[in-house]
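The block underneath contains the structure these notes are about, expressed in structure tokens.
All values reported here derive from a predicted model rather than from experimental measurement. Keep in mind that the numbers below use all heavy atoms, side chains included, and drop hydrogens, waters and symmetry copies.
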Amino acid sequence: MGAVGELAARAGTTTRTLRYYESRGLLSARRAVNGYRTYDEEDLKLLRQIRTLQDFGFDLEETRPFVECLRAGHPEGDSCPASLVVYRRKLAELDELIEQLTSVRAQVGAQLARAEAAVPGGPEPKCELGGHA
């Protein structure tokens with residue numbers, strides 16, 4: 001493929017991000033004779049896996065088992081047991097968040113119903129913003 005700039009452009013990210021991933025051990029650059037970092041299509045596949053997972057709300061460290069799975073030669077990063085563990089943990093987190101949001105929604109709905117019932121048929125209250133009369 002080529003240099004860090006080309007990989008960053010193809011992956012839709014920045015060279016700074018790639019260097020950060022490299023510092024975290026998620027991306028491994030090879031060095032050309034001139035000392036520049038070089039990458040190949042496998043590196044692009046790793047980056048796309050990381051980016052997709054981050055778009056789903058996974059933090060960078062949670063992507064590690066998927067990257068390691070791809071590096072081990074599996075065609076997909078989620079076909080290893082460690083990746084499945086991360087998926088299950090993320091689903092449990094999402095279920096908990098959904099439960100919390102459902103509870104908050106019910107509370108807000110109850111507050112709205114109470115507020116609407118407090119002024120049946122009455123005039124709309126005037127709200128003065130910023131203290132100007």
Side-chain angles (χ1 to χ4, degrees):
M1 172 182 297
V4 66
E6 182 183 349
L7 178 63
R10 289 189 61 194
T13 191
T14 65
T15 57
R16 184 177 178 168
T17 299
L18 297 184
R19 288 186 183 106
Y20 178 68
Y21 290 171
E22 189 176 337
S23 74
R24 298 294 305 264
L26 293 168
L27 190 62
S28 300
R30 286 155 299 288
R31 297 286 178 166
V33 176
N34 60 9
Y36 292 129
R37 294 173 172 91
T38 61
Y39 301 92
D40 60 21
E41 292 298 320
E42 288 302 310
D43 297 311
L44 181 60
K45 188 174 183 178
L46 291 175
L47 277 174
R48 287 184 173 150
Q49 179 77 77
I50 292 168
R51 300 277 306 213
T52 297
L53 291 168
Q54 287 191 307
D55 287 347
F56 290 156
F58 289 69
D59 67 37
L60 190 58
E61 195 56 36
E62 288 175 317
T63 70
R64 188 172 302 280
F66 299 86
V67 168
E68 290 171 357
C69 189
L70 286 170
R71 281 191 182 142
H74 295 272
E76 300 296 329
D78 57 7
S79 60
C80 295
S83 302
L84 298 176
V85 167
V86 174
Y87 271 152
R88 287 184 190 106
R89 187 171 48 238
K90 182 57 75 177
L91 281 174
E93 287 174 19
L94 291 170
D95 287 341
E96 184 176 323
L97 284 171
I98 289 167
E99 187 176 311
Q100 289 172 2
L101 288 172
T102 300
S103 175
V104 169
R105 187 187 190 293
Q107 291 172 24
V108 170
Q111 289 292 98
L112 173 61
R114 183 201 50 77
E116 288 176 335
V119 278
E124 288 278 327
K126 292 184 181 180
C127 295
E128 298 293 331
L129 297 178
H132 302 309

Ignoring hydrogens and angles, state whether a donor on the side chain of Y20 or R24 is under 3.5 Å from an acceptor on the partner side chain.
-> yes
Do side-chain atoms of D40 reach the backbone of D43 as a donor and acceptor pair under 3.5 angstrom?
-> yes
Any luck finding a side-chain donor-acceptor pair between E62 and Y87 under 3.5 Å?
-> no
Excluding sequence neighbours, so at least two apart, what forms ring pair (Phe, Tyr, Trp, His ring centres under 6.0 Å) with Y21?
-> none
Does E76 come within less than 4.0 Å of K45, counting only side-chain N to carboxylate O?
-> no
Validation row: E99, T102 side chains within 4.5 angstrom (heavy atoms) | no
Decide yes or no for L60 and T63: does some side-chain heavy atom of the first lie under 4.5 Å from some side-chain heavy atom of the second?
-> yes
Residue pair L70 / Q49, side-chain heavy-atom distance below 4.5 Å = yes
Quick one: do I50 and L18 end up in the same hydrophobic cluster if we chain Ile, Leu, Val, Met, Phe, Trp and Tyr together by side-chain heavy atoms under 4.5 Å apart?
-> yes
R51 side-chain N/O to G12 backbone N/O, donor-acceptor pair under 3.5 Å = yes
Would you give the length of the straight line joining atom OG1 of T17 to atom CD of Q54, rounded to the nearest 0.5 angstrom?
-> 8.5 Å
When hydrophobic residues are tied together by side-chain contacts of less than 4.5 Å, even through go-betweens, does L97 share a cluster with F56?
-> no
Between K90 and E93, does at least one N-O distance fall below 4.0 Å, as a salt bridge requires?
-> yes
Close side-chain approach of E116 to Q111, heavy-atom, < 4.5 Å = no
Is the shortest heavy-atom distance from the side chain of S79 to the side chain of C69 under 4.5 Å?
-> yes
Side chain T15, main chain G5, donor-acceptor under 3.5 Å | no
Which residues share a side-chain contact (heavy atoms from CB on, under 4.5 Å) with S28, sequence neighbours left out = R71
Distance from D78 atom CG to T52 atom OG1, nearest 0.5 Å?
-> 10.5 Å
Check the pair R88 / L91 against side chain to side chain contact (heavy atoms under 4.5 Å, CB included), numbers first and verdict last.
-> CA-CA 5 Å; R88 287 184 190 106; L91 281 174; 5.8 Å; no
Spacing of R48 atom CZ and R10 atom CZ [to the nearest 0.5 Å] = 6.0 Å
Using the rule that two of Ile, Leu, Val, Met, Phe, Trp, Tyr join whenever any of their side-chain heavy atoms come within less than 4.5 Å, decide whether V85 and F66 are in one cluster.
-> no
Does L44 reach the side chain of Y39, with side-chain heavy atoms less than 4.5 Å apart?
-> no
Quick one: CG on L53 to CG on D59, what's the gap to the nearest 0.5 Å?
-> 10.5 Å
Report the distance from atom CD1 of I98 to atom CZ of R105, rounding to the nearest 0.5 Å.
-> 14.0 Å
Cluster question for you: counting only ILVMFWY and a side-chain heavy-atom cut-off of under 4.5 Å, with indirect links fine, are L47 and V4 together?
-> yes
Side chain to side chain contact (heavy atoms under 4.5 Å, CB included) assessment of C80 paired with E68 | CA-CA 9 Å; C80 295; E68 290 171 357; over 6 Å; no
Where do R64 and E61 land on the salt bridge (charged side-chain N to carboxylate O under 4.0 Å, His left out) test, with the steps shown first?
-> CA-CA 5 Å; R64 188 172 302 280; E61 195 56 36; 2.6 Å; yes
